Enquirer: 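The structure is given below, and queries will be raised subsequently.
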Amino acid sequence: MKKIFVINGGQKFGHSGGKFNETVTNETVNFFNSYPEFEVKLTNIGEGYDADEEVNKFTWADVIIYHTPIWWFQLPHDFKKYIDEVFTAGHAKGIYKSDGRSSDNPAVNYGTGGMLHGRKYMLTTSWNAPKEAFTLPGEFFMEKSVDEGPLFGFHRMNAFTGMQPLKSIHFHDIEKNANVQKDMKEYNNHLQQVFTK
């Protein structure tokens, strides 16, 4: 059995109701529940959490799936707080033991003290920005992908814990031109490709 830990980082704030990420989260849980070889645990950050229990979920899982909207090119504040609190609680308790360096040679091996080796993670994000903002010459993100540009630090954070990435999927133009049915069909195909092929 493969153990899947799903984290919904969507939140209600300002004009955001968190509904798209709730839809993606539900699609994820339903997908894995349709296969007997998967077991799922879920955290909806907006419903509250216990940091130590979240550490237990990270150490229990084979795969962590993050769902998050992107606000001002970063994680929403409640999701960032969750990471700060849970990863701090996980120091020497399963997430990381140190930054990996030694006092003998402190210039090398930074980022090698993670304790989640052998686990993988997958990231989904939702954006107001159209996908062309990342791909077309002269457009805002200067032809840097989501993963290589705005969320480079998020991926390095997971590398710090020892986890390896699965292929991300990003949903664009959600605020002004959402096509949820099309996005969920694409997402279901993505899950099939990543987890059942």
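On a predicted model such as this, the values are computed, not experimentally measured, just so you know.
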Enquirer: Okay, side chain of Gln11, backbone of Asp78: is any donor-acceptor separation there less than 3.5 Å?
Expert: yes
Enquirer: Between Ile4 and Leu116, is there shared hydrophobic-cluster membership here, with clusters defined by ILVMFWY side-chain heavy atoms closer than 4.5 Å?
Expert: no
Enquirer: Taking the side chain as C-beta and beyond, is there a heavy-atom pair between Asn188 and Gln192 under 4.5 Å?
Expert: yes
Enquirer: Please tell me if the side chains of Lys57 and Glu53 come closer than 4.5 Å, counting only heavy atoms from C-beta onward.
Expert: yes
Enquirer: Has His67 got a side-chain atom pairing as donor or acceptor with Asn21's backbone, closer than 3.5 angstrom?
Expert: no
Enquirer: Show every donor-acceptor pair shorter than 3.5 Å between a side-chain atom in residues 145-155 and any protein atom, with sequence neighbours excluded, or say none if there are none.
Expert:
from: Ser145; atom 1: OG; to: Asp147; atom 2: N; distance (Å): 3.4
from: Ser145; atom 1: OG; to: Glu148; atom 2: N; distance (Å): 3.0
from: Ser145; atom 1: OG; to: Glu148; atom 2: OE1; distance (Å): 3.3
from: Asp147; atom 1: OD1; to: His155; atom 2: NE2; distance (Å): 2.6
from: Asp147; atom 1: OD1; to: Ser168; atom 2: OG; distance (Å): 3.1
from: Asp147; atom 1: OD1; to: His170; atom 2: NE2; distance (Å): 3.2
from: Asp147; atom 1: OD2; to: His170; atom 2: NE2; distance (Å): 3.0
from: His155; atom 1: ND1; to: Tyr121; atom 2: OH; distance (Å): 2.6

Enquirer: To the nearest 0.5 Å, tell me how far Leu166 CG sits from Met163 CE.
Expert: 10.5 Å
Enquirer: Between Tyr35 and Phe195, is the ring centre distance below 6.0 Å?
Expert: no
Enquirer: Before giving the answer on side-chain contact (heavy atoms from CB on, under 4.5 Å), spell out for Thr196 and Phe31 the whole-Å C-alpha distance, their side-chain angles and the decisive distance to 0.1 Å.
Expert: CA-CA 11 Å; Thr196 66; Phe31 174 85; 3.9 Å; yes
Enquirer: Decide yes or no for Glu54 and Thr43: does some side-chain heavy atom of the first lie under 4.5 Å from some side-chain heavy atom of the second?
Expert: yes
Enquirer: Take Val55 and Val86, measure what side-chain contact (heavy atoms from CB on, under 4.5 Å) needs, and give me the verdict at the end.
Expert: CA-CA 6 Å; Val55 172; Val86 173; 4.1 Å; yes
Enquirer: Look at the rings of Phe58 and Tyr66 and say which category their plane angle falls in: under 30° parallel, 30 to 60° tilted, over 60° perpendicular.
Expert: tilted
Enquirer: OH of Tyr82 to CD1 of Ile45: how many Å apart, nearest 0.5 Å?
Expert: 6.0 Å
Enquirer: Backbone N or O of Thr112 within a donor-acceptor pair of the Asn109 side chain at under 3.5 Å?
Expert: no
Enquirer: May I ask you to test the Trp127-Glu175 pair for a side-chain heavy-atom distance under 4.5 Å?
Expert: no
Enquirer: Among Arg119, Lys120, Lys3, Glu39, find the one that has a side-chain contact (heavy atoms from CB on, under 4.5 Å) with Asp62.
Expert: Lys3
Enquirer: What's the separation between atom CZ in Phe171 and atom CD1 in Ile70, rounded to the nearest 0.5 Å?
Expert: 12.5 Å
Enquirer: Please determine whether side-chain contact (heavy atoms from CB on, under 4.5 Å) holds for the pair Lys80 and Asp84, giving the CA-CA distance in whole Å, both sets of side-chain angles, and the decisive distance to 0.1 Å.
Expert: CA-CA 6 Å; Lys80 178 61 167 70; Asp84 290 345; 2.7 Å; yes
Enquirer: To the nearest 0.5 angstrom, please state how far the OG1 atom of Thr124 sits from the CD1 atom of Ile7.
Expert: 11.0 Å
Enquirer: Provide the closest heavy-atom pair for Gly10 versus Pro69 in the form atom of the first, atom of the second, distance.
Expert: CA-CD, 3.6 Å
Enquirer: If you group Ile, Leu, Val, Met, Phe, Trp and Tyr by side-chain heavy-atom gaps below 4.5 Å, do Leu123 and Phe5 land in one group?
Expert: yes
Enquirer: Of the non-hydrogen atoms in Thr68 and Gly9, which two are nearest, and what is the gap between them?
Expert: OG1-O, 4.5 Å
Enquirer: Do the ring planes of Phe134 and Phe141 sit parallel (below 30°), tilted (30 to 60°) or perpendicular (above 60°)?
Expert: parallel
Enquirer: Is it true that a side-chain atom of Asn44 and a backbone atom of Gly46 form a donor plus acceptor pair closer than 3.5 Å?
Expert: no
Enquirer: List in chain and number order the residues that pass salt bridge (charged side-chain N to carboxylate O under 4.0 Å, His left out) with Lys97, two or more places apart in sequence or in another chain; answer none if no residue qualifies.
Expert: none
Enquirer: Is it the case that the side chains of Thr135 and Glu143 hold a donor-acceptor pair, with the cut-off being a distance below 3.5 Å and no angle test?
Expert: no
Enquirer: Write out all pairs satisfying side-chain hydrogen bond (donor to acceptor under 3.5 Å, both in side chains) with one or both partners inside residues 85-95, taking only residues at least two apart or from two chains.
Expert: Tyr49-Glu85
Enquirer: Applying a strict under-4.5 Å side-chain criterion to I, L, V, M, F, W and Y, I'd like to know whether Phe38 and Leu42 cluster together.
Expert: yes
Enquirer: Would Val24 end up clustered with Val6 when hydrophobic side chains under 4.5 Å apart are linked, directly or stepwise?
Expert: yes
Enquirer: Closest heavy-atom contact between Lys167 and Met122?
Expert: O-CG, 3.3 Å
Enquirer: State, to 0.1 Å, how close Phe160 and Gly111 come at their nearest heavy-atom pair, and which atoms those are.
Expert: CD1-CA, 3.6 Å
Enquirer: Does the Ser98 side chain pair with the main chain of Gly100, one donor and one acceptor, at a distance under 3.5 Å?
Expert: yes
Enquirer: With the side chain counted from C-beta on, respond yes when Lys2 and Val63 share a heavy-atom pair under 4.5 Å apart, and no when they do not.
Expert: yes
Enquirer: Does the side chain of Val194 come within less than 4.5 Å of His190's, by heavy atoms?
Expert: yes
Enquirer: In terms of hydrophobic clusters joined by side-chain contacts under 4.5 Å, are Trp60 and Tyr96 together?
Expert: yes
Enquirer: Is there a donor in the side chain of Thr28 and an acceptor in the side chain of Tyr187, or the other way round, less than 3.5 Å apart?
Expert: yes
Enquirer: Could you go step by step and tell me if Lys131 and Asp173 meet the side-chain contact (heavy atoms from CB on, under 4.5 Å) rule?
Expert: CA-CA 7 Å; Lys131 65 182 178 181; Asp173 213 359; over 6 Å; no
Enquirer: Under 4.0 Å between a Lys/Arg side-chain N and an Asp/Glu carboxylate O for Glu22 and Lys19?
Expert: no
